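What follows is a single structure, written as structure tokens, with notes after it.
Here is the naming used below: chain letters follow the sequence lines, and residue numbers restart at 1 for every chain. Because the structure is predicted, anything quoted here is derived from the model rather than measured.
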There are 2 protein chains.
Amino acid sequence: MEEEKELLENTNIKPSIARVKVLEYLRNNKTHPTVEEIYTSLAEEIPTLSKTTVYNTLELFENNGLARIVNVGENESRYDADISNHGHFKCDGCGRVYDFRVNMEALETRGLEGYKIWEKHLYYRGICSRCRD
Amino acid sequence: MEEEKELLENTNIKPSIARVKVLEYLRNNKTHPTVEEIYTSLAEEIPTLSKTTVYNTLELFENNGLARIVNVGENESRYDADISNHGHFKCDGCGRVYDFRVNMEALETRGLEGYKIWEKHLYYRGICSRCRD
DNA sequence: TATAAAAATGTAATAATTACAACCATGCTC
DNA sequence: GAGCATGGTTGTAATTATTACATTTTTATA
């Protein structure tokens with residue numbers, strides 16, 4: 001709560017209730033929630049919250065380096081407050097999205113000479129160990 | 001045309017006109033087209049084509065290893081007849097999606113022990129060299 | 001407290017995707 | 001060749017995610 005407020009202020013974003021709560025939610029729920037999930041969860045404690053606000057807030061966070069979009073091959077966006085370059089694994093059994101560590105800097109690419117790279121996204125799909133058992 | 005027909009037969013897929021044409025389109029247009037693009041392009045020569053058929057066909061191809069979904073962080077799916085593990089670069093200037101070579105096998109991951117991996121997807125975003133000039 | 005700027009809301013529009021029932025084409029059997 | 005079954009295609013409607021935008025509310029500050 002207080003931490004998130006500070007974080008927003010340090011980024012020159014006015015810490016409105018909605019913004020603080022969305023950021024807090026992202027930092028407490030590292031499950032890569034969808035907009036829908038964020039909205040329905042927070043709507044309980046903020047009854048006046050609207051989905052548009054959640055969209056606006058997440059876009060603001062993305063543009064200011066407070067959150068990243070997570071894409072695992074579905075037609076809805078997920079969000080992650082972990083900004084570091086890491087991979088995501090989508091389990092086609094339980095549907096969960098896991099983080100995994102990966103050294104993306106070590107990747108050698110051919111064909112991007114002279115390109116300016118802003119973001120790197122890596123995701124795998126398969127079956128997690130829990131679902132395999 | 002003939003090649004695509006054979007390819008489909010070898011995969012035990014009946015080579016209907018729609019299927020042959022969609023596959024041919026994917027193999028001739030390595031621009032990672034969207035469903036919309038595939039549909040409008042082919043609708044000229046196949047006036048009875050429906051978008052549902054394009055969706056059905058692409059899903060069939062995906063399930064049979066003839067095409068892969070390409071996701072570059074937008075809310076629409078693109079398709080690629082190149083099945084190999086390679087990366088995609090989305091230019092936020094011109095909107096083009098480029099392929100790039102990358103040795104994905106070399107990636108070392110931490111946290112996926114015991115997981116079964118089916119697909120690996122890697123995409124970057126930034127500005128291509130043409131747009132930087 | 002008055003006021004301006006910023007934030008949030010709600011509704012409506014857009015766009016991608018999916019569901020599904022009806023229709024059509026092909027090849028096989030009699 | 002007629003009938004039939006299977007598989008393929010179509011078109012419409014429904015669903016879902018996202019965006020646009022005008023209005024209202026909140027907030028910070030003078």
Would the number of heavy atoms belonging to other residues, nucleotides or ligands and lying under 6.0 Å from CD of E108(B) be above 12?
-> no
Tell me: CG of L42(B) to P of dT10(D), nearest whole Å?
-> 11 Å
Taken to the nearest whole Å, CD/E9(A) to C1'/dA7(C) is 16 Å
Between dT16(D) atom C1' and E37(A) atom CD, what is the distance in whole Å?
-> 14 Å
Aromatic rings F100(A) and Y124(A): how do their planes relate, parallel, tilted or perpendicular, breaks at 30° and 60°?
-> tilted
Start at the 5' end of DNA chain C and walk down; is the nucleotide closest to L60(A) or to P47(A) reached first?
-> L60(A)
Of dT9(D), dA16(C), dA8(C), the nucleotide closest to the side chain of S16(B) is dT9(D)
dA7(C) C1' sits how many Å from L23(A) CG, rounded?
-> 16 Å
Between Y115(B) and Y98(A), is the gap from one ring center to the other below 6.0 Å?
-> yes
Which of dG11(D), dA16(C), dA7(C) is nearest the side chain of S50(B)? It is dG11(D)
Reading nucleotides 20-28 of chain D from the 5' end, what letters show protein touch, with B for base, S for backbone sugar-phosphate only, - for no heavy atom under 4.0 Å?
-> BB-------
Near DNA chain D, which residues from residues 72-79 of chain A have a heavy atom under 4.0 Å away?
-> N75(A), E76(A), S77(A)
Thinking salt bridges, do K14(B) and E9(B) make one under a 4.0 Å N-O criterion?
-> no
Does a side-chain N-to-carboxylate-O contact under 4.0 Å join D82(B) and R101(B)?
-> yes
Y39(B) atom OH is separated from dA15(C) atom P, nearest whole Å, by 16 Å
Nearest whole angstrom, please: distance from the P of dT17(C) to the CD1 of I38(B).
-> 11 Å
Could you tell me whether K21(A) and E24(A) have a side-chain N and a carboxylate O separated by less than 4.0 Å?
-> yes
When you look at CD of E44(B), are more than 12 heavy atoms from neighbouring residues, nucleotides or ligands closer to it than 6.0 Å?
-> no
Look at R125(A) together with D92(A) and state whether they make a salt bridge at an N to O cut-off of under 4.0 Å.
-> yes
Nearest-Å distance, CG (L58(B)) to P (dA16(C))?
-> 14 Å
Counting any heavy atom closer than 4.0 Å, what does T48(A) reach on the DNA or RNA strands: base, sugar-phosphate only, or nothing?
-> sugar-phosphate
May I ask you to check whether N85(A) and H121(A) show a side-chain donor-acceptor distance below 3.5 Å?
-> no
Rounded to whole Å, the OH-P distance (Y55(B) to dC20(C)) equals 17 Å
